[in-house]
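Chain naming here is simple, since letters A, B, ... match the order of the sequence lines and numbering starts at 1 in each. All values below were derived from every heavy atom in this structure, side-chain atoms included, with hydrogens, water molecules and symmetry-related copies excluded. Computed from a predicted structure; not experimentally measured.
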Number of protein chains: 2
Amino acid sequence: MPRMDGCGPGGPMGWRGRFKGCGYRMTTGREAILDILTVSEKHLSAEDIYRKVTEKYPGVGLTSVYRTLEILSNMGIVYKFDFGDGRARYELAEGSKKPDHHHHLVCTKCKRVIDYTEFIDEEVELLKKTEKGLSKRYNFAINNHLIQFYGLCGKCKAESPK
Amino acid sequence: MPRMDGCGPGGPMGWRGRFKGCGYRMTTGREAILDILTVSEKHLSAEDIYRKVTEKYPGVGLTSVYRTLEILSNMGIVYKFDFGDGRARYELAEGSKKPDHHHHLVCTKCKRVIDYTEFIDEEVELLKKTEKGLSKRYNFAINNHLIQFYGLCGKCKAESPK
DNA sequence: TTGATAATGAAAACCATTTTCAATAAGGAG
DNA sequence: CTCCTTATTGAAAATGGTTTTCATTATCAA
Ligand SMILES: [Mn+2]
Ligand SMILES: [Mn+2]
Ligand SMILES: [Zn+2]
Ligand SMILES: [Zn+2]
């Protein structure tokens, strides 16, 4: 049983450091998973990650992938999303240097997901204001938000019944 | 197999009318489910609805509840949410007259969900603008959005490790 | 090096949702 | 109202992503 989840976010410390700081042991499996998340395209499922990890480390089990992803999610290192295709999707919270906060366009037909960063500044500004008001109003400690737009991507729109 | 899902939204027609207009047959089960959704508290799971429906109509099966909810969801009559507790939650899109569009505060610990309507006007205004820009930029037909704030509710915040 | 115990993988369990399929019932035609 | 087509239904089984169990292994502080 891990000592504690969700040790404070951010900080200049690398994952390794944060991990150990939280009382976790660093293993090959965990390192491989973090590497995959850092390098690969975004929005991977547990199975996606599992397949990529086992290419290099055939010993790692799917179970551990799930377990690691839960820890990372609790620590705020990765975000866990539900885009409606029946499996959870994960992506690294921050690319270390890139302040690449973004939101999503989700195609309800083909489940494709588009990251967008336009308008983000305005959105985030409004969110900040809103958060402040809601926190006080509902005595609620907000530490995350989710914004997604649903609709049809270009391709699905074209294929749609006229 | 239903004739078609997602016949255009809105309109002064009641559910019954919209249903039949879409080629669906109106059954006791379906009517009961709609009634429950209209009367009950929000954010019910399929099982919640199933239990309430069978109080009055013991014959209705859970399978049909799922089937009906999918149709209603596709028609835009109910919204389907994932609040992270492992089951889908449903709520009526609009209370007929009440223009009660709202967003959500989700407690990541106890999974409680708070509806809020403050700031909604500002948010929706910004969303409209954003949608317009994104639609053009990504050739994406947006017809819905999701905004949720995650954090700790008052109670969970108090109980938290100091 | 050693020991306490966190972490692991394989297999089984879980459980919300979906599929299958034979029986039923809605509702338009006549 | 009666027929007839076929959408709809419930029960049971299947599905499939995720979690649990448990005996074994590996991490790392001392
Ligand atoms: Mn993304
Ligand atoms: Mn709500
Ligand atoms: Zn699409
Ligand atoms: Zn709470």
> Can you check whether A/Glu131's main-chain N or O pairs, donor with acceptor, with A/Ser135's side chain at less than 3.5 Å?
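Checking the backbone N and O of A/Glu131 against the side chain of A/Ser135, a donor-acceptor pair under 3.5 Å is found.
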
> Between P on C/dA16 and CD on B/Glu70, what's the gap in Å once rounded to a whole number?
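Checked: the CD to P distance equals 18 Å.
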
> Roughly how many Å is it from CD1 in A/Ile33 to C1' in C/dG9, rounded to a whole number?
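The distance from CD1 of A/Ile33 to C1' of C/dG9 comes to 13 Å, rounded to the nearest Å.
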
> Which atom pairs link the protein and nucleotides 25-30 of chain C when you take only N or O atoms and keep those under 3.5 Å?
| from | atom 1 | to | atom 2 | distance (Å) |
| --- | --- | --- | --- | --- |
| C/dA26 | N3 | B/Arg25 | NH1 | 3.0 |
| C/dG27 | OP1 | B/Lys20 | NZ | 3.3 |
| C/dG27 | OP1 | B/Met26 | N | 2.9 |

> Could you state the CZ-P distance from B/Arg30 to D/dG10, rounded to the nearest angstrom?
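Going from B/Arg30 (CZ) to D/dG10 (P), I get 10 Å.
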
> Which residues, if any, of residues 43-55 of chain A bring a heavy atom under 4.0 Å of DNA chain D?
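The stretch gives none, as no residue of it lies under 4.0 Å from the strand.
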
> Has B/Lys80 got more than 12 heavy atoms of other residues, nucleotides or ligands less than 6.0 Å from its NZ?
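Count not over threshold, so no.
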
> When you check the side-chain N and O atoms of B/Asp115 and B/His103, is any donor under 3.5 Å from an acceptor?
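B/Asp115 vs B/His103: no donor-acceptor pair found between side chains.
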
> Connecting only ILVMFWY residues whose side-chain heavy atoms lie within less than 4.5 Å of each other, what is the rest of A/Val39's hydrophobic cluster?
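Besides A/Val39, the hydrophobic cluster comprises nothing; the residue is isolated.
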
> Linking Ile, Leu, Val, Met, Phe, Trp and Tyr by side-chain heavy atoms under 4.5 Å, what else ends up with A/Val106?
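Its cluster partners, ordered by chain and number, are A/Tyr79, A/Phe81, A/Phe83, A/Val113, A/Leu146, A/Tyr150, B/Tyr79, B/Phe81, B/Phe83, B/Val106, B/Val113, B/Leu146, B/Tyr150.
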
> Side chains of A/His102 and A/Glu91: donor-acceptor distance under 3.5 Å anywhere?
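The criterion, which ignores hydrogens and geometry beyond distance, is satisfied for A/Glu91 and A/His102.
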
> Measure from CZ on B/Arg87 to P on C/dT17 and round the result to the nearest Å.
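Rounded to whole Å, this separation is 7 Å.
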
> At 4.0 Å (heavy atoms only), tell me whether A/Arg67 reaches a base, stays on the sugar-phosphate, or touches nothing.
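Since a base atom lies under 4.0 Å of A/Arg67, the category is base.
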
> Between A/Thr38 and A/Asp35, does any side-chain donor sit less than 3.5 Å from a side-chain acceptor?
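Absent: no donor and acceptor within the cut-off.
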
> Enumerate the residues from residues 56-63 of chain B whose closest heavy atom to DNA chain D is under 4.0 Å, giving them by residue number; use none for an empty result.
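Nucleic-acid contacts, sorted: B/Gly59, B/Val60, B/Gly61, B/Thr63.
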
> Within the 3.5 Å criterion, strictly below it, is a donor on B/Tyr116 or B/Glu123 matched to an acceptor on the partner's side chain?
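B/Glu123 and B/Tyr116 do have a side-chain donor-acceptor pair below 3.5 Å.
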
> I need the OH-C1' distance between B/Tyr66 and D/dA11, as an integer number of Å.
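Rounded to the whole Å, the gap is 15 Å.
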
> Scan side-chain atoms only and decide if B/Glu118 and A/Tyr138 contain a donor-acceptor pair under the 3.5 Å cut-off.
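There is such a pair (donor and acceptor under 3.5 Å, judged by atom type) between the side chains of B/Glu118 and A/Tyr138.
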
> Looking across every strand, which nucleic acid part, if any, lies under 4.0 Å from A/Gly29 by heavy atom: base, sugar-phosphate, or nothing?
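Answer is nothing: A/Gly29 stays at 4.0 Å or more from every strand.
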
> What's in the same ILVMFWY side-chain cluster as B/Leu152, cut-off under 4.5 Å, chained through other members?
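Listed partners: none, B/Leu152 stands alone.
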
> Would the A/His145 and B/His104 ring centres measure less than 6.0 Å apart?
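Ring-ring flag for A/His145/B/His104: false, centres at least 6.0 Å apart.
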
